[in-house]
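Computed from a prediction, not measured in an experiment: that's the story for all the values here. For the numbers below, each heavy atom of this structure counts, side chains included, while hydrogens, waters and symmetry mates do not.
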Amino acid sequence: MVGTYSGPDGDGEQLTPAGMIDAAHELANRDPALRSILERHGLPPFWARTEGFPTLLHIILEQQVSLASARAAYDRLAAALGGDVTPATFLLLDDESLRRFGFSRQKTTYGRHLARAIQAGALDLAGLARLDDEEVRRRLVALPGIGPWTADIYLLMALRRPDIWPRGDLALAVAMQRIWKLPARPSHAAQRDRSAVWSPWRSVAARLLWHNYLGGGG
């Protein structure tokens, strides 16, 4: 079901496609709402991303904009760099070039902070895989422009941790509102309380709810 990562105490799990399938069925047996999603839409894709600077930069681009807009900006950047998106190549680009690709002034600043932190050794992205969830969050949110949502999406998608509930994710709030027919989108506190029952598979519950959101489910 899961692989292991070598955390500070030698424990931890990394979600695999087979593990997601088993966990989705376990959650469906526990929760009628999640079972209804699985029955209507089937299993969600195993959304995952490669660890490293390109992925974290892409997630920063996704903050508060559509996924399509962020993807377009990232693709223009990658094309200009011949697919070689690294801290060093990113820092070679001037602000005007990044603006043309679709980077706002703020996200240009965030990207530069991230690239410089990696170059200086202040952030060891490869080393994050050996740390527990809270320590990964602590190290990421210490950087300008990386908040809880960005750190959680990196944990869930790139590090493939099984028990992450992304704080502040609008699509998840909408999906929860639809599936439970709530009068308003649930607050983060309400989402946290509802999602607690899905532990230790909150990342899989999030995938099911995203699947429902993308499918237009109610």
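Ser203 pairs by the side chain to side chain donor-acceptor pair (under 3.5 Å) definition with nothing, not counting sequence neighbours. Checked against side chain to side chain donor-acceptor pair (under 3.5 Å), Glu39 has no partners two or more places apart in sequence or in another chain. In this view, Asn29 satisfies the side chain to side chain contact (heavy atoms under 4.5 Å, CB included) rule with no residue, not counting sequence neighbours. For Thr109, there are no side chain to side chain donor-acceptor pair (under 3.5 Å) partners, not counting sequence neighbours. A search for side chain to side chain contact (heavy atoms under 4.5 Å, CB included) contacts involving Ala171 returns Asp169, Trp210, Tyr213, not counting sequence neighbours. Residues passing the side chain to side chain donor-acceptor pair (under 3.5 Å) test with Ser104: none are found, sequence neighbours excluded.
The salt bridge (Lys or Arg N to Asp or Glu O under 4.0 Å) analysis of residues 43-66, with sequence neighbours excluded, yields the pairs Arg49-Glu62. Within the structure, side chain to side chain donor-acceptor pair (under 3.5 Å) contacts touching residues 77-93 (residues at least two apart or in different chains) are Thr86-Thr89. Applying the ring pair (Phe, Tyr, Trp, His ring centres under 6.0 Å) rule to pairs touching residues 57-83 yields His58-Tyr74, sequence neighbours excluded. Within the structure, every pair that satisfies the ring pair (Phe, Tyr, Trp, His ring centres under 6.0 Å) test and touches residues 152-179, not counting sequence neighbours, is listed here: Trp165-Trp198. Pairs engaging residues 112-122 under the side chain to side chain donor-acceptor pair (under 3.5 Å) rule: Asp95-Arg112 [sequence neighbours left out].
Judged by distance alone, with hydrogens and angles left aside, the side-chain atoms of Lys107 form no donor-acceptor pair with the main-chain N or O of Leu57 at under 3.5 Å. With hydrogens and angles disregarded, a donor-acceptor distance shorter than 3.5 Å links the side chain of Arg207 to the backbone of Trp47. In this structure a side-chain-to-backbone donor-acceptor pair under 3.5 Å is missing from Asn212 to Ile37. A donor-acceptor pair is defined here as one N or O able to donate and one able to accept, closer than 3.5 Å; such a pair exists between the side chain of Ser36 and the backbone of Ala33. Under the 3.5 Å distance criterion, the side-chain polar atoms of Arg30 are matched with a main-chain donor or acceptor of Val197.
Atom CD1 in Ile59 sits 10.0 Å away from atom CG in Leu61 (nearest 0.5 Å). Taking CG of Leu43 as the reference point, atom CG of Leu208 lies at 7.5 Å (rounded to 0.5 Å). Distance CD/Glu26 to CG/Leu34: 11.5 Å, rounded to 0.5 Å. Going from atom CG of Leu27 over to atom CE of Met20 covers 11.0 Å, rounded to the nearest 0.5 Å. Separating the CZ atom in Arg178 from the CG atom in Leu209 is a distance of 11.0 Å, to the nearest 0.5 Å.
Of all heavy-atom pairs between Ala78 and Val85, the closest is CA-CG2, 3.9 Å. The two atoms that bring Arg137 and Leu155 nearest to each other are CG-CD1, 3.6 Å, heavy atoms only. For the residue pair Ala115 and Pro87, the shortest heavy atom distance occurs at O-CB, 3.6 Å. A pairwise comparison of heavy atoms in Pro166 and Leu172 identifies CD-CD1, 3.7 Å as the closest pair. When every heavy atom of Pro186 is checked against every heavy atom of Gln191, the shortest pair comes out as O-NE2, 3.2 Å. For the residue pair Gln63 and Gly145, the shortest heavy atom distance occurs at NE2-O, 2.8 Å.
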**Q.** Derivation of the side-chain contact (heavy atoms from CB on, under 4.5 Å) call for Leu56 and Ile146
**A.** CA-CA 9 Å; Leu56 191 49; Ile146 297 183; 4.0 Å; yes

(Q) Using salt bridge (charged side-chain N to carboxylate O under 4.0 Å, His left out), reason through Glu134 and Arg138 one step at a time and then give a plain yes or no. (A) CA-CA 6 Å; Glu134 284 309 313; Arg138 188 188 72 79; over 6 Å; no

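Between Leu77 and Leu93 there is a side-chain heavy-atom pair separated by less than 4.5 Å. For the pair Pro45/His211, a side-chain contact is recorded, criterion being any heavy-atom separation below 4.5 Å from C-beta on. Contact annotation: the side chain of His25 approaches that of Ile21 to within less than 4.5 Å [non-hydrogen atoms, C-beta and beyond].
Taken together through direct or relayed side-chain contacts under 4.5 Å among Ile, Leu, Val, Met, Phe, Trp and Tyr, Leu125 and Val141 form parts of separate hydrophobic clusters. Linking ILVMFWY side-chain heavy atoms closer than 4.5 Å, directly or via other members, places Val174 and Met176 in a single hydrophobic cluster.
Exactly one residue among Leu15, Asp152, Val136 makes a side chain to side chain contact (heavy atoms under 4.5 Å, CB included) with Ile164. That residue is Asp152.
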What pairs of donor and acceptor atoms, side-chain ones from residues 64-73 against any protein atom, are under 3.5 angstrom apart with sequence neighbours left out?
residue: Ser66; atom: OG; partner: Ser69; partner atom: N; Å: 3.0
residue: Arg71; atom: NH1; partner: Asp75; partner atom: OD1; Å: 2.9

